[in-house]
A.B. asks: 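Dropping a structure here in structure tokens format, bear with me for questions.
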Amino acid sequence: MAADKANTANISLIEDFRPRLRKLIEVEFVLDHLNFLDNDNKDLIRTKARKESNLKAADLLIDTIIRIRPLPNGWFREFVDALSAGGCKHAATYVEDSPPCPALEAENDNCVRLIELLSPSLLGMKTTDVCSDCFAKGILTTEDREIILAECQNRGNMGGARELLRRIVRFPPGWFSVFLKSLQVTEHKYLFKELTGESTGDNLIDEPGVLMAVNEAPGNVDHMVEEGPVEAAGNSFLPEQETLESSVTSMHLDEPSEADSETADLYSGTEEPMENGKPENILDLSMPGCIAAAAESSPKAVIVLRDYQMDVARPALEGKNIIICLPTGSGKTRVAVYITKEHLDSRRKEGRPGKVVVLVNKVPLVEQHYSTEFWKFLKNKYKVERVSGDSQLKISFTDIVQKNDIVICTAQILENYLERAHSGDDDGIKLSDLSLIVIDECHHTQKGGVYNHIMIRYLKQKHKNAKLKKEQKDTVAIPQILGLTASPGVGGAKKIDKAEEHILRICANLDAYKIMTGNLGENKKEPHKKIATAEERKEDPFGDVIKGIMNAIHIHAELNPTCDLGTQNYEQWVVQKEQNAAKEENQKVRVCAEHLRQYNEALYLGKTIRMWDAFSFLDKYFDEELKKKVAPEDEEAIIKTDTERFLFTLFKDSKVKLQELAKLPQYENNSLAKLRTKILHEFTSREKARGIIFTKTRRSAIALAQWVQENSKFEEVGVKACHVIGGGGQSVVKPMTAAEQRDVLNKFQNAEINLLIATTVAEEGLDIAACNFVIRYELVTNEIAMIQARGRGRAEDSSYTLVAGEGSGVAERESVNEYREKMMSKAIDKVKKLDQEEYEKRIEEFQIQAIMEERVRTTKKKQKGMKKESPSKVKFSCRSCNKPVCSGEDVEIIENMHRVNVTPQFKELFIQRENTSLVKRLLDYETNGFIACKDCGQRWGSMMLYRGIECPCLHVKNFLVTYDEKRKNVNKWSELGIQLPAFDYAEHARSVAESSEDEDSM
């Protein structure tokens, strides 16, 4: 009975102090000294620590101990001894019911909090020296020292410092004064002053916007500017722990306001798990090179630049145009925020207006730059807004620019409004309205790109200004330009001189005074790279059946392919055959070529994803084709040709065989097996795995996500996968809306999803600090894409793996990209070493060339517009059955975008079907169905409801176009040199109203 009472009292004591114990226990070390727990329980707790966090594992340890029945004799004493022996003496004092007095406890919590707040500076300490002295003074155990030194060796000085800080705060009160002595002994006077507040701590920043130097800190933060909400800068030195709550209210940080939490939609929010509404980690130090000094919810923010960041920023701070070329994850955007603030501050002091536009090339980056960078740091002093094609703002872009100091937007929006101003529209924007343009991913400033269209306007005005200056006339103001990139590339160059020319052209296009690169030193993070090569499978009965079908079609259509089936070359060959057959009105070959293209796609899918996915793709295609041949009620039957019957029968006869083979795992492709092994390795070897798999097509991204979701092995190791694909409508696969993309990326940011399977839409710019592995699956493009994809792995100890099939050529092309990357670095170095006079001379030559080429293009475009033929010269016929459909005279254009035919004659030629996957609702029109040929079922376009009027909208690629008696394959309306009349809404509305009145009177 006495023993039971003692056990009950001890369990109650542990429960009472659980909130403290779970934060003070280092599970791994304590378990080594606990003999009354069996190995199974120990393994479960260790797994919890490795896969989730030490905090969760400590909870499980406490739960396990207090639930053991019967409790073994001496268990409590053994637990206390295990805590002491495992380096958790402070936890042992609580278990022994001898905690420090409330005042001492509050003082200790205050010290822990102070270490957290000043950890950005402390991470610059000479870790090995401080570690040795702390060990000698008894506030680190032998195990602590070994782990800290191993961290220094594996993850660098900052990683070791983070581990040291995490461990010393677990010691009983008194550790803080010992730590201060260690800092003094190891000659860290500046850190001692910061922690004690003797001088530096009170004068870190004299006033907002003033640069503060702490250059005596070796390798540490060198430049701070105070403004906006404080940055939460990476993993805390307590990576798995909640912050110990302090009873000293002076150290308390305010909770984020409701307004703050509602404004940051996409990439805002805490990455780490939440308990009781508070984040487990207050600080986030996972992004070295960009560290701040307090938690995000603080009313003031600190923009912090390291030495290399300040070095690359200096010319821009002097008002010069530059390109900042730094590796992904090295803080380019943070530098841009700093330059933006200094730019606006200086113009405000001079009494001049300042207006900054930040341009991005993808919609998700608008929200990311807004919520995680510009708005976060500058909202307290400047008005910041974001705009994209997905924005819900109902006022004009011109008004947004006028009412805000900083606007983040997609480049096309700015180009549209620059064009409006050029055309004389009052609701336009001029370059002179802006004082700074920041261009993200500026390597896209090349021929044909929207960035280049904007910069050509800039270059024209710059050269006009030079002429005006010579004539002693007033010049027109042009903005400062700041370009950001990690990968300017080599432009397909094979030799270093051509690569140098490519870099110079980008510099010329951006009118850059210099291209700036930085020496990151110990801050440079390169993921571990590996190429996983999969053996070619010995048997492929599924693919053999498909090839048999394709050969039967070749014989039927009298086709002789000149390349291997299932290859890109075959794809090109069969597309050419289809186009030629359409022009020749050879429907037999045309429809066979269409089916061959689908089978070729299935062969490719079978090499990269599951056979079942390839079968499902074919099955769905034939199901859709059969539906086209079924007429709606009250319509005449749609005719099937002999060739179509042959093709449908061919698939039907092979369907069961394909279905059976698709279920046999022994014939799956080996690349998929390699991918499975790699994913399982990442999720079992990392404490918190979070990764991205890049794949070539939308279809493979969706299929791979389904494969992961349906595989129980992945579920067992905690994989939560989802796909993200592009939003363009050029693919047959339904695109993702910007809102859907944002939702998925937000879940990935917040760890609701830990495996993202993406097409190249996610390669550039997306910043997920906790992403620690990247896999490119059977995908190689160019050196820029390789650098960008590799850079998505932002966390320390990241990995980058290329999974490639043997003989696919993927690994070889990756080697070429690595060579090009080295060539790119050498070319940049050569450009930087050019004499400034020589550099400016070559830049000017390229700029004049670009302006002249633009003038030639503009002249040709005007001449082409003047020569546009009458629409009557163009005839449209059904691409499938060659039935004449209409003349160009029957087609009108809505909003310079939609080509419609609303004639009564045309209405008699098509049937209308509902398309559940095509549902668009915009301001004035909506599309919710498609139109198809009444005779053969070939789709012609969509049915659009425009302001109450049904308008059949034509997709030109679905027609055979006859122009001046010559048949043509046309993919875009812009390829036709005809001037279509604008849709007269008023006239058509009257016509519809009159016909309705006639029907009512009958």
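Predicted model, so just to flag it, every value in this text is computed and none were measured.
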A.B. asks: Does this structure show an ion pair linking Glu624 with Lys620, if we count only N-O contacts that are shorter than 4.0 Å?
C.D. replies: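 Answer for the salt bridge query: no.
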
A.B. asks: Assess whether a salt bridge exists between Glu710 and Arg610, defined as any Lys/Arg side-chain N lying under 4.0 Å from an Asp/Glu carboxylate O.
C.D. replies: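 A salt bridge links Glu710 with Arg610.
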
A.B. asks: Taking the six-membered ring for Trp and the single ring otherwise, decide whether the centroids of Phe930 and His955 are under 6.0 Å apart.
C.D. replies: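 Judged by ring-centre distance (under 6.0 Å), Phe930 and His955 do not meet the cut-off.
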
A.B. asks: When you look at NZ of Lys42, are more than 12 heavy atoms from neighbouring residues, nucleotides or ligands closer to it than 6.0 Å?
C.D. replies: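 More than 12 within 6.0 Å, yes.
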
A.B. asks: Determine whether a donor-acceptor pair (N or O, by modelled atom type, separation under 3.5 Å) exists between the side chain of Lys588 and the backbone of His556.
C.D. replies: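 Side chain of Lys588 to backbone of His556, a donor-acceptor pair under 3.5 Å: yes, one is there.
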
A.B. asks: Classify the angle between the aromatic ring planes of Trp940 and Phe959 as parallel (below 30°), tilted (30 to 60°) or perpendicular (above 60°).
C.D. replies: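 Rings of Trp940 and Phe959: tilted, 30 to 60°.
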
A.B. asks: Honestly, is Lys720 close enough over Phe748, meaning NZ or CZ under 6.0 Å from the six-membered ring centre and within 45° of the axis?
C.D. replies: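 Verdict for Phe748: no cation-pi partner in Lys720.
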
A.B. asks: Start with the C-alpha gap between Leu658 and Val656, add the side-chain angles, then the distance that decides, and say whether side-chain contact (heavy atoms from CB on, under 4.5 Å) holds.
C.D. replies: CA-CA 5 Å; Leu658 286 170; Val656 174; over 6 Å; no

A.B. asks: Salt bridge between Arg967 and Glu585, side-chain N to carboxylate O under 4.0 Å?
C.D. replies: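 A salt bridge links Arg967 with Glu585.
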
A.B. asks: For the backbone of Ala49 and the side chain of Ser53, can you confirm whether one donor and one acceptor N or O come within less than 3.5 Å of each other?
C.D. replies: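 Judged by distance alone, no pair lies under 3.5 Å.
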
A.B. asks: Just so I know, are the side chains of Glu571 and Asn600 near enough to count as touching, which here means a heavy-atom distance under 4.5 Å?
C.D. replies: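 Yes - at least one pair of side-chain heavy atoms lies under 4.5 Å apart.
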
A.B. asks: Any salt bridge linking Lys627 with Asp623? Criterion: basic side-chain nitrogen under 4.0 Å from a carboxylate oxygen.
C.D. replies: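 Salt bridge present between Lys627 and Asp623.
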
A.B. asks: Quick check: closest heavy atoms across Lys678 and Ile775, and the distance to 0.1 Å?
C.D. replies: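 So the two residues come closest at CG-CD1, 3.6 Å.
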
A.B. asks: Would a 4.5 Å heavy-atom cut-off, applied to side chains only, mark Asn551 and Leu565 as touching?
C.D. replies: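 Yes, at least one pair of side-chain atoms sits under 4.5 Å.
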
A.B. asks: Testing the basics here: between Pro327 and Ala486, what is the closest heavy-atom pair and its distance to 0.1 Å?
C.D. replies: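 Scanning both residues, the minimum pair turns out to be C-CB, 4.1 Å.
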
A.B. asks: Flag the pair Arg676 / Phe714 as yes when at least one side-chain heavy-atom distance between them is below 4.5 Å, and no otherwise.
C.D. replies: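 In short, these two side chains touch, coming nearer than 4.5 Å.
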
A.B. asks: Before you tell me yes or no, could you show the steps for Leu745 and Leu756 under side-chain contact (heavy atoms from CB on, under 4.5 Å), namely the whole-Å CA-CA distance, both residues' side-chain angles and the distance that decides it to 0.1 Å?
C.D. replies: CA-CA 8 Å; Leu745 293 171; Leu756 197 63; 3.8 Å; yes

A.B. asks: List the atom of Gln568, the atom of Lys696, and the distance in Å for their closest heavy-atom pair.
C.D. replies: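 Looking at all heavy atoms of both residues, the closest pair is OE1-NZ, 3.8 Å.
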
A.B. asks: How far does CD of Glu682 sit from CZ of Arg690, to the nearest 0.5 angstrom?
C.D. replies: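 One gets 14.0 Å once the value is rounded to the nearest 0.5 Å.
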
A.B. asks: Any carboxylate oxygen within less than 4.0 angstrom of a Lys/Arg side-chain nitrogen, looking at Glu601 and Arg597?
C.D. replies: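 Answer for the salt bridge query: no.
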
A.B. asks: Quick one: side chains of residues 660-668, donor-acceptor pairs under 3.5 Å with protein atoms, not counting sequence neighbours, listed by atom name and distance.
C.D. replies:
unit_1 : atom_1 : unit_2 : atom_2 : d
Glu668 : OE1    : Met611 : N      : 3.3

A.B. asks: Let me confirm one number: the CZ-CG distance from Arg46 to Asn41, rounded to the nearest 0.5 Å.
C.D. replies: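 If I round to the nearest 0.5 Å, the distance is 11.5 Å.
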
A.B. asks: Within the structure provided, determine whether Gln938 and Cys881 are in side-chain contact (heavy-atom separation under 4.5 Å).
C.D. replies: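 With C-beta onward as the side chain, the pair stays apart.
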
A.B. asks: Using atom types as modelled and distance alone, determine if a side-chain donor or acceptor of Gln741 lies under 3.5 Å from a backbone N or O of Ile725.
C.D. replies: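 At least one qualifying donor-acceptor pair exists.
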
A.B. asks: Between Ser799 and Arg686, is any pair of side-chain heavy atoms under 4.5 Å apart?
C.D. replies: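 Of all side-chain heavy-atom pairs linking Arg686 with Ser799, at least one is under 4.5 Å.
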
A.B. asks: First locate atom CD of Gln598, then atom CD1 of Ile546, and finally report the distance between them rounded to the nearest 0.5 Å.
C.D. replies: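 Reported to 0.5 Å precision, the distance equals 11.5 Å.
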
A.B. asks: When rounded to the nearest 0.5 angstrom, what is the spacing between CG in Asp642 and CD in Glu644?
C.D. replies: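 Between atom CG of Asp642 and atom CD of Glu644 there are 9.5 Å.
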
A.B. asks: Give the minimum heavy-atom separation between Ala758 and Ile692, together with the two atoms involved.
C.D. replies: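 Result for this residue pair: CB-CG2, 4.4 Å.
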
A.B. asks: Counting N and O atoms only, with roles assigned by atom type, does the side chain of Asn969 sit under 3.5 Å from a partner on the main chain of Gln579, one being a donor and the other an acceptor?
C.D. replies: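 Present.
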
A.B. asks: At what distance, to the nearest 0.5 angstrom, does OG of Ser616 lie from CG of Leu605?
C.D. replies: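 It comes to 10.5 Å.
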
A.B. asks: Can you find a pair of side-chain heavy atoms, one from Thr801 and one from Phe773, that are under 4.5 Å apart?
C.D. replies: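 Sidechains of Phe773 and Thr801: no contact.
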
A.B. asks: For the backbone of Thr608 and the side chain of Tyr777, can you confirm whether one donor and one acceptor N or O come within less than 3.5 Å of each other?
C.D. replies: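 Yes; at least one donor-acceptor contact below 3.5 Å.
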
A.B. asks: Taking C-beta and beyond as the side chain, do Thr695 and Ile609 meet within less than 4.5 Å on heavy atoms?
C.D. replies: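 Result no, sub-4.5 Å side-chain heavy-atom pair not found.
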
A.B. asks: Is there side-chain contact between Met550 and Leu603, with at least one heavy-atom pair below 4.5 Å?
C.D. replies: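 Yes. Closest side-chain heavy atoms under 4.5 Å.
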
A.B. asks: Answer yes if the ring centres of His595 and Phe651 are under 6.0 angstrom apart, and no otherwise.
C.D. replies: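 No, the ring centres sit 6.0 Å or more apart.
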
A.B. asks: Starting at CH2 of Trp707, measure out to OG of Ser700 and round the result to the nearest 0.5 Å.
C.D. replies: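 Atom-to-atom, Trp707:CH2 and Ser700:OG are 12.0 Å apart.
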
A.B. asks: State whether the side chain of Thr567 and the backbone N or O of Asp564 hold a donor-acceptor pair below 3.5 Å, judged by distance alone.
C.D. replies: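 Here the side-chain-to-backbone pair exists.
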
A.B. asks: Side chains of Asp743 and Asn746 only: does a donor on one sit below 3.5 Å from an acceptor on the other?
C.D. replies: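 The criterion, which ignores hydrogens and geometry beyond distance, is not satisfied for Asn746 and Asp743.
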
A.B. asks: Identify the heavy atoms of Ala614 and Phe542 that sit nearest to each other, and give their distance.
C.D. replies: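 Ala614 and Phe542 have their closest heavy atoms at CB-CE2, 3.9 Å.
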
A.B. asks: Keeping the roles fixed (side chain from Asn669, backbone from Leu672), state whether a donor-acceptor pair exists under 3.5 Å.
C.D. replies: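 Yes; at least one donor-acceptor contact below 3.5 Å.
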
A.B. asks: Run Tyr570 and Tyr599 through ring pair (Phe, Tyr, Trp, His ring centres under 6.0 Å) and show every step you take.
C.D. replies: CA-CA 11 Å; Tyr570 183 89; Tyr599 283 116; over 10 Å; no

A.B. asks: Donor-acceptor check, side chain of Asn772 to backbone of Lys688, threshold 3.5 angstrom: yes or no?
C.D. replies: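 Looks like yes, one N/O pair under 3.5 Å.
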
A.B. asks: Are Arg879 and Asn958 close enough, and set up right, to give a side-chain contact (heavy atoms from CB on, under 4.5 Å), and what steps lead you there?
C.D. replies: CA-CA 6 Å; Arg879 189 174 186 83; Asn958 295 324; 5.5 Å; no

A.B. asks: Just by distance, with hydrogens left out, do Glu715 and Asn711 show a side-chain donor and acceptor under 3.5 Å apart?
C.D. replies: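 No - no donor-acceptor pair under 3.5 Å links their side chains.
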
A.B. asks: For Lys957, does its backbone N or O pair with a side-chain atom of Asn971 as donor and acceptor, under 3.5 Å?
C.D. replies: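 Absent.
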
A.B. asks: Keeping Arg939 on the side-chain end and Cys933 on the backbone end, is there a donor-acceptor pair under 3.5 Å?
C.D. replies: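 Between the backbone of Cys933 and the side chain of Arg939 there is no qualifying donor-acceptor contact (under 3.5 Å).
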
A.B. asks: Is the ring pair Trp573/His554 parallel, tilted or perpendicular, if the boundaries are 30 and 60 degrees?
C.D. replies: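 Because their plane-to-plane angle is over 60°, the rings of Trp573 and His554 count as perpendicular.
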
A.B. asks: Tell me if the NZ atom of Lys822 is crowded by more than 12 foreign heavy atoms within 6.0 Å.
C.D. replies: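 No, NZ of Lys822 has 12 or fewer neighbouring heavy atoms, counting only those of other groups under 6.0 Å.
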
A.B. asks: Determine whether the aromatic ring centres of Tyr800 and Phe694 lie less than 6.0 Å apart.
C.D. replies: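 No, the ring centres sit 6.0 Å or more apart.
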
A.B. asks: Using side-chain contact (heavy atoms from CB on, under 4.5 Å), reason through Ile553 and Ile549 one step at a time and then give a plain yes or no.
C.D. replies: CA-CA 6 Å; Ile553 298 173; Ile549 295 172; 4.1 Å; yes

A.B. asks: Asn580 and Glu584: side chain to side chain donor-acceptor pair (under 3.5 Å), yes or no, with the steps?
C.D. replies: CA-CA 6 Å; Asn580 291 341; Glu584 295 164 4; 5.6 Å; no

A.B. asks: What pair of heavy atoms forms the shortest contact from Ile693 to Leu675, and how long is it?
C.D. replies: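 Nearest heavy atoms, Ile693 then Leu675: CD1-CD1, 4.0 Å.
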
